[in-house]
Novice: 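Before I ask anything, let me first share the structure, which is written out below as structure tokens.
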Amino acid sequence: MSSSYDPNAVEGPIFESWVAGNYFGSEIVDGVRPYSVVIPPPNVTGSLHMGHALNNTIQDVVIRRIRMTGRPARWVVGTDHAGIATQNKVEQKLTAEGLSRYDLGREKFVEACWEWKAEYGSTIINQLKAMGCSCDYDDIWFTMDPSYQKAVRRVFVDWFDAGLIYRGKRIINWCPRCTTALSDIEVEHEDVDSHLWHLRYPLKEPVAGIDHVIVATTRPETMLGDTCVAVHPEDERYKDLIGATVVLPLIGREIPIVADDYVDPSFGTGAVKVTPAHDPNDFEIGERHDCAKINVMNADATISGEGGAYAGLDRYEARKRIIADLEAAGLLVGIDDHVHSVGHCYRCHTVIEPWLSDQWFVDMKPLAAPAIDAVRDGRVTFHPKRWENVYFHWMENIRDWCISRQLWWGHRIPVFYCDACGNMEAALDDITTCSKCGSSSIRQDEDVLDTWFSSQLWPFATFGWPEPDPRVDYFYPTAMLSTARDILFLWVARMIMSGMYFNEGQIPFDDVIIHPTVFNAEGKRMSKSLGTGVDPLDLMDHYGADGMRFGLMLQVTGAQDLKFSEEKLVSSRNFANKIWNASRFVLMNLEGYEPGEPVANTVADRWILSRLADLSARVSEGLDTYEFGEVARLLYDFFWSEFCDWYIELSKARLNCGDAASRLAVQRNLVFVLDRALRLLHPIMPFVTEEIWRNLPLPESERAASLMIAAWPDPAELAGFVDEGAERSVSRLIEVVSGIRGVRARYQLPPKQQLEVVFKTAGDAEREWVESEFAAMARLAGVGSFEAGVGVDKPAHSATVIASGLEVYVPLEGLVDFDAEAARLAKERDRLSGDLGKLEKKLSNEGFLAKAASEIIEKDRARAAELAEALALVEAQLADLS
RNA sequence: GGGCGCUUAGCUCAGGGGGAGAGCACUUCCUUGACGCGGAAGGGGUCAGAGGUUCAAAUCCUCUAGCGCCCACCA
């Protein structure tokens with residue numbers, strides 16, 4: 001074994017051995033409930049980013065741990081066709097070749113998308129493998145697989161037939177760049193500094209001496225499509241004007257003034273220009289007053305033929321010209337600064353245009369109700385729990401979902417129109433003749449479905465649904481879903497709704513983990529396009545997959561943000577190296593070893609086994625509750641600060657003591673503790689642990705072909721090792737050793753100089769304890785010999801260590817810098833008396849004595865006694881020095 | 001307009017009613033037979049501020065400030 005761990009040499013072969021061993025598990029085991037997880041399918045255009053790295057580590061940690069408990073565990077993997085995102089990529093590629101999708105035509109373009117998928121679709125799968133993710137790679141899914149297409153059609157047809165899917169002419173969110181509709185949650189709102197333009201609209205005939213109304217707008221270009229002006233019915237200013245006629249400037253259209261409760265008299269002028277084809281509120285007003293809906297914009301946000309002289313202009317150019325023309329006509333009354341929220345396309349960030357068009361919708365309220373109940377009554381649990389409120393809030397105010405997209409790449413809407421009789425039907429299989437009139441003038445709807453319409457079926461379509469498939473019954477519902485918070489509504493909520501609808505009310509997953517979002521050091525979202533990203537592949541190159549995984553897990557807490565820290569990866573890489581070297585030490589010292597049970601001969605043995613028992617209980621519990629940061633910290637502290645720093649150091653003397661029995665005992669303990677530690681570490685650091693574990697000479701009963709499928713340490717079995725006495729004893733010894741080391745450091749004693757120290761003990765019991773237990777520790781303090789006695793005198797020229805109620809004298813030749821020693825002791829005295837003062841005050845507080853738990857009082861009394869003792873010792877030392 | 005999260009050592013962050021912690025950085029020492037991706041010993045904090053609850057508050061409650069985020073038809 002080399003003296004440092006080289007992840008690049010280890011990871012590839014280890015991963016291949018897992019594949020060869022077929023440990024990723026997709027088989028159905030009768031009578032055993034499996035643990036199944038579906039991966040949030042990355043976009044097929046995508047490559048691994050930090051969010052994936054974090055989320056997939058979480059899932060792999062959970063599933064590897066469960067697999068080790070012996071339960072069938074399966075992690076379904078695949079990719080999403082990602083309608084708009086992929087179409088945009090392919091269009092960009094075409095643009096670079098000087099082509100547009102219209103040059104190719106629909107069929108050829110879709111072929112180009114499939115080619116793209118063939119070329120890039122496995123990129124992210126390979127990156128998941130590099131991370132060590134233990135997915136079922138024998139059964140990789142894609143949201144446009146033939147069987148998946150059947151699932152999508154089945155869902156559409158069922159909902160259509162149930163009246164849950166309908167077509168309607170509505171104001172939707174239109175992206176003029178992608179030239180498609182978007183759902184409400186695909187729009188990202190941003191506050192923008194803009195203006196409120198006040199426009200004067202003249203009346204056709206003056207009414208009661210009034211010859212105009214002034215309206216205010218943030219989008220002046222929409223005035224081309226105004227078909228009425230609305231005021232509040234109670235508004236005294238405008239009462240006489242209701243029913244009057246306005247002549248729309250620039251266009252000359254005569255439009256009425258109507259009264260509508262929607263209008264807020266206190267905003268602006270209290271008069272609203274109404275453009276029913278370009279604003280959802282105006283649409284409603286228009287409906288109520290039977291006003292025309294004039295669409296003044298084309299799909300690319302240029303002004304349409306309805307826009308008179310402005311036809312053909314881009315929306316912002318038109319805005320400029322209209323303002324200029326109104327001003328020239330004396331109709332621009334004023335311009336106020338105004339901050340308002342502007343919607344942007346979540347894929348290309350173009351400003352969204354509210355636009356009137358024919359679209360397909362899903363009626364969500366009936367689907368939402370049972371999905372709300374499922375979370376309310378705990379069948380689905382969110383972690384952290386606070387996300388449930390976010391879910392409830394959205395679900396309780398849910399609005400219908402616009403599912404049609406004017407794209408070519410995606411699941412085509414399975415609705416067929418008969419041109420002969422006007423029949424419209426949804427069908428599982430393409431139809432060529434009208435089921436009503438028999439005509440063959442049939443055409444399919446041109447639009448495709450929202451990507452999320454197919455993504456929502458992921459937890460059951462990936463098991464073969466809607467075909468009768470044993471996998472559906474076996475693997476559905478899944479156990480856990482881990483994801484980023486930004487797709488809570490887009491994806492998670494919809495999976496719960498559709499999952500329950502199509503699986504007899506059965507929820508799609510028990511637990512939902514909402515992991516923190518990864519931000520960079522400046523608190524900006526990590527993004528490739530912003531140049532703020534870090535490439536996980538680079539990180540794995542530098543720190544190893546294990547280093548990256550452990551470093552990420554260290555950073556997972558209940559907070560909603562995670563400022564990514566590369567330093568944590570440095571310490572994690574170092575930790576992997578530490579594991580490697582500690583293991584190397586154990587393996588290099590196995591001469592004469594015979595496999596067998598651990599042997600708790602010494603207090604140190606009992607201590608490390610007790611600490612291991614504690615660790616295993618906490619790690620299991622932490623994983624059960626998804627506290628990944630806590631688990632990583634526990635493992636790090638145990639392995640480094642307890643096992644390496646103390647147990648291994650202590651083992652060195654016993655390995656070389658010449659007593660075969662003692663040597664064998666410590667060898668067995670080293671192997672046992674290392675083995676269990678590697679098992680506990682494996683879910684987070686699968687590669688380095690596997691590489692080492694295969695070389696461990698375990699008893700036959702403990703072996704397995706791979707650590708991946710070795711038994712998870714059962715906290716109940718290790719509980720027998722819990723030994724509070726040994727833990728207390730070793731804590732004291734560690735304190736004494738550290739104290740003596742402190743003296744060495746302070747006085748810069750040569751490392752090789754062996755010390756002869758004297759313990760002054762409080763009684764014979766303590767003297768015997770020192771005599772029996774300290775010998776094993778002496779080497780670690782550089783102590784060559786020691787004596788202990790109740791009334792021993794302090795040797796001349798010695799420094800004093802006060803630790804754990806013991807007084808230890810360290811004689812120093814030529815010592816001592818009395819002033820330095822006195823200063824140090826004075827500082828120690830101040831600290832002790834400060835602490836003691838606080839504690840005594842507390843202990844003399846009657847309220848405390850009356851109300852605090854008795855264990856607390858006992859503990860504080862014991863501590864006060866210790867402090868008082870230590871303080872007395874320090875004061876005696878100080879007196880001695882002066 | 002409503003809601004959520006954060007504010008703890010120089011930096012990044014854990015902890016979450018009863019002795020202030022880690023990693024990194026810093027200081028001193030160590031070519032000690034696992035590891036310099038290491039070891040030992042240190043320095044460094046009125047736990048954002050103000051009130052309150054409690055015998056006891058970094059921790060619970062209220063308010064304030066700053067930062068970040070999410071929802072909401074904010075002409």
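Naming: A, B, ... by sequence-line order, numbering from 1 per chain. Predicted model, so just to flag it, every value in this text is computed and none were measured. The basis for the numbers below is simple: all heavy atoms, side chains too, and nothing from hydrogens, waters or symmetry mates.
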Novice: For A:Arg399 and B:C73, is the shortest distance between a side-chain N/O and OP1 or OP2 below 4.0 Å?
Specialist: yes
Novice: Respond yes when some side-chain nitrogen or oxygen of A:Lys859 is under 4.0 Å from OP1 or OP2 of B:G18, and no when none is.
Specialist: no
Novice: At 4.0 Å (heavy atoms only), tell me whether A:Trp640 reaches a base, stays on the sugar-phosphate, or touches nothing.
Specialist: sugar-phosphate
Novice: Looking at A:Lys827, I'd like to know whether one of its side-chain N or O atoms comes within less than 4.0 Å of OP1 or OP2 on B:G43.
Specialist: yes
Novice: Assign A:Val263 to base, sugar-phosphate, or nothing according to its heavy-atom contacts below 4.0 angstrom with the strands shown.
Specialist: base
Novice: Look at all strands and tell whether A:Asp279 reaches a base, only sugar-phosphate, or nothing, counting heavy atoms closer than 4.0 Å.
Specialist: nothing
Novice: For B:C13, does either OP1 or OP2 sit under 4.0 Å from a side-chain N or O belonging to A:Lys563?
Specialist: yes
Novice: Need one value for A:Glu567: base, sugar-phosphate or nothing, where a base atom within 4.0 Å counts as base even if backbone is also close, heavy atoms only.
Specialist: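 The residue A:Glu567 makes base contact.
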Novice: So does A:Gln560 reach the base of B:C4 with its side chain, donor to acceptor, closer than 3.5 Å?
Specialist: yes
Novice: Supply the atom-to-atom distance A:Asp226 CG to A:Leu199 CG, rounded to the nearest 0.5 angstrom.
Specialist: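 So the CG of A:Asp226 and the CG of A:Leu199 are separated by 8.5 Å.
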Novice: Using a cut-off of 4.0 Å on non-hydrogen atoms, how would the nucleic acid contact of A:Ala230 be classed: base, sugar-phosphate, or nothing?
Specialist: nothing
Novice: Which residue, A:Leu839 or A:Pro751, contacts RNA chain B at a nucleotide closer to its 5' end, judged by nearest heavy atom?
Specialist: A:Leu839
Novice: From the options B:A75, B:G5, B:C13, select the nucleotide whose nearest atom is closest to the side chain of A:Asp264.
Specialist: B:A75
Novice: Could you pick out which residue, A:Gly739 or A:Thr557, lies toward the 5' side of RNA chain B when each is mapped onto its nearest nucleotide?
Specialist: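 Per heavy-atom nearest nucleotide, the more 5' residue is A:Thr557.
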Novice: Taking only side-chain nitrogens and oxygens of A:Ser565, does any of them come within less than 4.0 Å of OP1 or OP2 of B:G23?
Specialist: no
Novice: Heavy atoms under 4.0 Å, any strand shown: does A:Ser583 hit a base, just sugar-phosphate, or nothing?
Specialist: nothing
Novice: Need the pair for B:C26. Rule: Watson-Crick or G-U wobble, both distances under 3.5 Å, any strand; none if unpaired.
Specialist: B:G42
Novice: Who is the Watson-Crick or G-U wobble partner of B:A56, with both distances under 3.5 Å?
Specialist: none
Novice: Flag the pair A:Tyr5 / A:Trp580 as yes when their ring centroid distance falls below 6.0 Å, and as no otherwise.
Specialist: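 Yes, the ring of A:Tyr5 comes within the 6.0 Å limit of the ring of A:Trp580, centre to centre.
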Novice: Nearest 0.5 Å, please: how far is CG in A:Leu655 from CG in A:Leu650?
Specialist: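 Atom-to-atom, A:Leu650:CG and A:Leu655:CG are 11.0 Å apart.
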Novice: How far apart are the C-alpha atoms of A:Val342 and A:Glu190, what are their side-chain angles, what is the distance that settles it, and do they pass the side chain to side chain contact (heavy atoms under 4.5 Å, CB included) test?
Specialist: CA-CA 5 Å; A:Val342 175; A:Glu190 251 174 57; 5.6 Å; no
Novice: Need one value for A:Lys841: base, sugar-phosphate or nothing, where a base atom within 4.0 Å counts as base even if backbone is also close, heavy atoms only.
Specialist: nothing
Novice: Has A:Ser571 got a side-chain N or O lying under 4.0 Å from the OP1 or OP2 atom of B:C24?
Specialist: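 So the side chain of A:Ser571 is outside the cut-off, no N or O lying under 4.0 Å from OP1 or OP2 of B:C24.
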Novice: My understanding is that a pair needs two contacts under 3.5 Å, Watson-Crick or G-U wobble. By that rule, which nucleotide pairs with B:C69?
Specialist: B:G3
Novice: With a 3.5 Å cut-off and just heavy-atom distances, do the side chain of A:Glu649 and the base of B:A34 make a donor-acceptor pair?
Specialist: yes
Novice: Compare side-chain N and O positions of A:Asn574 against OP1 and OP2 of B:G38 and report whether any pair is under 4.0 Å apart.
Specialist: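 So the side-chain polar atoms of A:Asn574 do come within 4.0 Å of the phosphate oxygens OP1 or OP2 of B:G38, strictly under.
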Novice: State the CE-CD1 distance between A:Met223 and A:Ile322, to the nearest 0.5 angstrom.
Specialist: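 If I round to the nearest 0.5 Å, the distance is 6.5 Å.
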Novice: Tell me what A:Gly782 touches on the nucleic acid: a base, only sugar-phosphate, or nothing, going by heavy atoms under 4.0 Å.
Specialist: nothing
